[in-house]
Amino acid sequence: MKVLVINCGSSSLKYQLIDSDSEEVIAKGLCERITIEGSMLTHQVPGKDKVEVKSPMPDHKAAVSMVLDMLTSSEHGVISDLSEIGAVGHRVVHGGEKFAKSVVIDDDVIKAIAECNDLAPLHNPANLIGIEACKACMPNVPMVAVFDTAFHQTMPKKAYLYGLPYEYYEDYKVRRYGFHGTSHSFVSKRCIELLNLDPKNSKVIVCHLGNGASISAVLNGESVDTSMGLTPLEGLIMGTRSGDIDPAIMEFLANKLNVGIPEIMNILNKKSGVAGLSKIGSDFRDLGAAADNGDELAITTLDTYSYRVAKYIGAYAAAMNGVDAICFTAGIGENNTTVRNKVSEYLGYLGVVMDESKRDFRGEEGELTAPDSKVKVMLIPTNEELAIARETVALV
Ligand code: ADP
């Protein structure tokens, strides 16, 4: 079956058409600046040059129409007719406590996703717009919602509750949810498979280190803890997000800077993390280059980032009373050997023995530890689109 995977943001829409039998990408692309002047579609068929089309996209329906036209176009298309698309899988950021699994989308599901909007006000409404736009263009094609939060719904109460008055959980569902669930699920399953672990007796830690970053503890195939919380702001230091801070810093800074909560949130989400700390930016390639040139702040930033990752690994080894394997994934986890090697330096107490010949290994699946290492360290590239396509096929 051919599955169209859609990841719709407020002004962008990423898509991949995947052949679920061969699991190969047939075409992929991105609509940018939807609803804004200068809209553009970039479309790519593997092995061929990228195609860029600049054309107004006044709304998301126009963007979906352009994608479908491109997929069926005589020049750059990959299918002759829309009827070849067997299903659409949508990434949805927040499923709250309502969704512990992916679901086939119907009117009730759309309503329930909308009820989670206040938990992810920037993301969920955009995801819903993408769903509605696809429904309008392909009314008879089954669609599935795959939630970033669903995999972590197995977390026990002791892991998801905050030390806040319990009525805020009862009344407003203020608790930890976690994100990147599709990736944590995909990578932990692949790790169990690769290392031939017993799925019902396995302890895996997944470090998803991208622009957004989170770690999860996966016990017997189920998420039992993860570093992001009510929102993706909690946990690791990220590209531009602060991760864990003393909450009192918010009032302290609000007074010093004479700003309100919205600006403080903007600082914590967009101006902090390695970008704020290093004064360079959020891209680890730039940070690495600066550190190589002796930039003290860049070196300190990489140290601080890696130290936080190592602390979470320690916490999750404790939460599971041990660990069989630690996986690195996403842009930084898959490519940045500096961070990975720095984190690995903290893991000796677990019995981790790194394979020195793998210090520069990157970009593909592989084991990074020596044969006598008690705990395995793995590099497993994530593939969230493929995971969404698999979930979609399983449900339709
Ligand atoms: P997102 O959360 O936006 O999907 P990614 O998983 O793409 O983020 O990760 C982005 C980060 O990964 C950037 O800091 C970037 O420097 C790093 N990265 C991505 N690809 C490479 C690469 N080929 N070499 C080194 N670093 C990379």
Side-chain angles (χ1 to χ4, degrees), residues 5-16 25 28-30 32 42 44 91 93 120 122-123 126-127 146 148-149 178-187 190 206-216 226-228 231-243 269-293 295 298-299 301-306 308-309 327-343 358-366 368 379-388:
V5 175
I6 298 281
N7 181 354
C8 189
S10 57
S11 67
S12 71
L13 183 150
K14 288 188 207 149
Y15 64 93
Q16 283 196 6
V25 176
K28 64 178 179 179
L30 165 71
E32 291 167 278
T42 310
Q44 188 166 28
R91 175 186 180 212
V93 167
L122 295 179
H123 294 101
N127 301 153
V146 180
D148 266 25
T149 48
F179 298 86
H180 295 138
T182 315
S183 177
H184 288 289
S185 164
F186 180 89
V187 172
R190 182 68 187 139
V206 178
C207 309
H208 175 109
L209 311 179
N211 257 325
S214 65
I215 303 203
S216 64
T226 190
S227 56
M228 284 178 165
T231 76
L233 186 54
E234 190 179 345
L236 300 175
I237 297 171
M238 309 182 209
T240 61
R241 296 188 193 118
S242 64
N269 275 302
K270 305 218 171 115
K271 299 183 181 169
S272 301
V274 297
L277 204 47
S278 67
K279 301 187 180 179
I280 292 171
S282 62
D283 196 299
F284 274 67
R285 284 166 283 207
D286 301 335
L287 274 181
D292 289 345
N293 284 330
D295 185 309
I299 296 168
T301 301
L302 289 169
D303 283 344
T304 312
Y305 180 92
S306 307
R308 178 78 59 91
V309 175
C327 309
F328 285 91
T329 195
I332 297 151
E334 291 165 27
N335 295 295
N336 194 298
T337 53
T338 308
V339 165
R340 195 181 73 215
N341 290 330
K342 276 182 191 288
V343 172
K358 299 274 181 67
R359 281 184 76 81
D360 299 325
F361 185 88
R362 52 184 284 264
E364 55 179 314
E365 203 168 83
L368 307 169
L379 193 166
I380 301 183
T382 192
N383 191 337
E384 288 167 284
E385 290 78 12
L386 176 58
I388 291 173

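Just follow the structure's listing: the first ligand is 1, and inside any ligand the first atom is 1. Scope of the values below: all heavy atoms of this structure, side chains included, with no hydrogens, waters or symmetry mates.
Judged as a side chain to side chain donor-acceptor pair (under 3.5 Å), and not counting sequence neighbours, the contacts of E334 are T329. Under the ring-ring contact (aromatic ring centres under 6.0 Å, His included) criterion, F179 pairs with H94, not counting sequence neighbours.
Between A291 and A298 the shortest heavy-atom distance is N-CB, 3.7 Å.
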Just list the N/O pairs, ligand 1 to protein, that are under 3.5 Å apart, with the distance for each.
residue, atom, partner, partner atom, Å
ligand 1, 2 (O), N211, N, 3.1
ligand 1, 3 (O), N211, ND2, 3.3
ligand 1, 6 (O), G331, N, 2.9
ligand 1, 8 (O), N211, N, 3.1
ligand 1, 12 (O), I332, N, 3.3
ligand 1, 14 (O), F284, N, 3.0
ligand 1, 16 (O), D283, OD1, 2.5
ligand 1, 16 (O), F284, N, 3.1
ligand 1, 16 (O), R285, N, 3.4
ligand 1, 16 (O), R285, NE, 3.4
ligand 1, 20 (N), N335, ND2, 3.4
ligand 1, 23 (N), R362, NH2, 3.3
ligand 1, 24 (N), R362, NH2, 3.3

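Partner L287 forms a side chain to side chain contact (heavy atoms under 4.5 Å, CB included) with one of I299, N336, L302 and no other, that one being L302.
Screening residues 272-288 for salt bridge (charged side-chain N to carboxylate O under 4.0 Å, His left out), with sequence neighbours left out, gives D283-R285.
Ring pair H208/H180 is parallel by interplanar angle, where below 30° counts as parallel and above 60° as perpendicular.
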